[in-house]
Amino acid sequence: MDQKKKRWKMLRKAVWYALPVLLLCLDTGCGTSEGQREPVEFTVLAEEEIPDTLKQMIDEQKEAPFQLSYQDGSAWYLAVGYGRQDSSGYSIQVPDFYRTENGLVLDTELLGPETEPTGNGRAPSTPYIVVLTEYRDESVTYE
């Protein structure tokens, strides 16, 4: 009977000392490599919806790949450009836009034209996308 009391006492002691560590892990997300991913609401803007100031910034940089952010009150515009392409017909999609404990992550992807233009129909283009979201005082990582 004495041996059972000792084991029970050791078990209680171990739990007592481990409890604060377990609570800390639960509170901080211990054990997750990336932390929690919270989707961010956004709208992809058409050309005519982009503010003139941002359009001017884009025009100055669109020949090379770029990432821009522009704030207007509570509106936050995030622009991603892929630089000069040899032909037209490209599109850009946003597979993911989310928030982590380290900030926002905007994932964009350039999709090539479905068919390759032939002859003199190869008009160069400078594809870009502008995403509108609510302003947050956080950093943005572009992927």
Yes or no on side chain to side chain contact (heavy atoms under 4.5 Å, CB included) for V131 and L45, after CA distance, side-chain angles and deciding distance?
CA-CA 6 Å; V131 170; L45 298 181; over 6 Å; no
Given side chain to side chain contact (heavy atoms under 4.5 Å, CB included), test E49 with V130 step by step and report yes or no.
CA-CA 9 Å; E49 297 174 308; V130 177; over 6 Å; no
Begin from the C-alpha positions of V44 and I129 and carry the test side chain to side chain contact (heavy atoms under 4.5 Å, CB included) through to its verdict.
CA-CA 7 Å; V44 175; I129 191 169; 3.8 Å; yes
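The cluster map of Ile, Leu, Val, Met, Phe, Trp and Tyr, joined by side-chain heavy atoms under 4.5 Å apart, puts F42 and I50 in different clusters.
Taking every heavy atom of both residues into account, Q71 and G73 meet most closely at NE2-O, 2.9 Å. Of all non-hydrogen atoms in Q85 and Y90, the two that sit nearest each other are CB-CE1, 3.5 Å. Closest non-hydrogen pair, S88 versus S125, comes out as CA-OG, 3.7 Å. Taking every heavy atom of both residues into account, F97 and V105 meet most closely at CD1-O, 3.1 Å. The heavy-atom pair separating P95 from D107 by the smallest distance is CD-O, 3.0 Å. Closest approach of L106 to V94, counting heavy atoms only: CD1-CG1, 3.8 Å.
Inter-residue side-chain proximity for T53 and K55 is flagged as unmet; no heavy-atom pair is nearer than 4.5 Å. Using a 4.5 Å cut-off on side-chain heavy atoms (C-beta onward), Y98 and E38 make no contact. The shortest side-chain heavy-atom distance between S69 and Y77 does not fall under the 4.5 Å cut-off. Two residues are said to be in side-chain contact when any heavy atoms from C-beta on lie closer than 4.5 Å; K62 and D59 meet this criterion.
No more than 12 heavy atoms of other residues, nucleotides or ligands lie within 6.0 Å of CD in E41, so this atom counts as exposed by the packing criterion.
In the model, T108 has a side-chain atom that pairs as donor or acceptor with a side-chain atom of Y82 under 3.5 Å.
Ring planes of F66 and Y128: tilted class, angle from 30 to 60°.
Atom OG of residue S91 and atom CG of residue L111 lie 4.0 Å apart, to the nearest 0.5 angstrom. To the nearest 0.5 Å, the span separating OG1 on T133 from CG on L104 amounts to 7.0 Å.
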Side-chain donor-acceptor distances from residues 135-143 under 3.5 Å, at least two apart:
{"from": "E138", "atom 1": "OE1", "to": "R99", "atom 2": "NE", "distance (Å)": "3.0"}
{"from": "E138", "atom 1": "OE2", "to": "R99", "atom 2": "NE", "distance (Å)": "3.0"}
{"from": "S139", "atom 1": "OG", "to": "N102", "atom 2": "O", "distance (Å)": "3.4"}
{"from": "Y142", "atom 1": "OH", "to": "L68", "atom 2": "O", "distance (Å)": "3.2"}

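No donor-acceptor pair closer than 3.5 Å links the side chain of T126 to the backbone N or O of R84.
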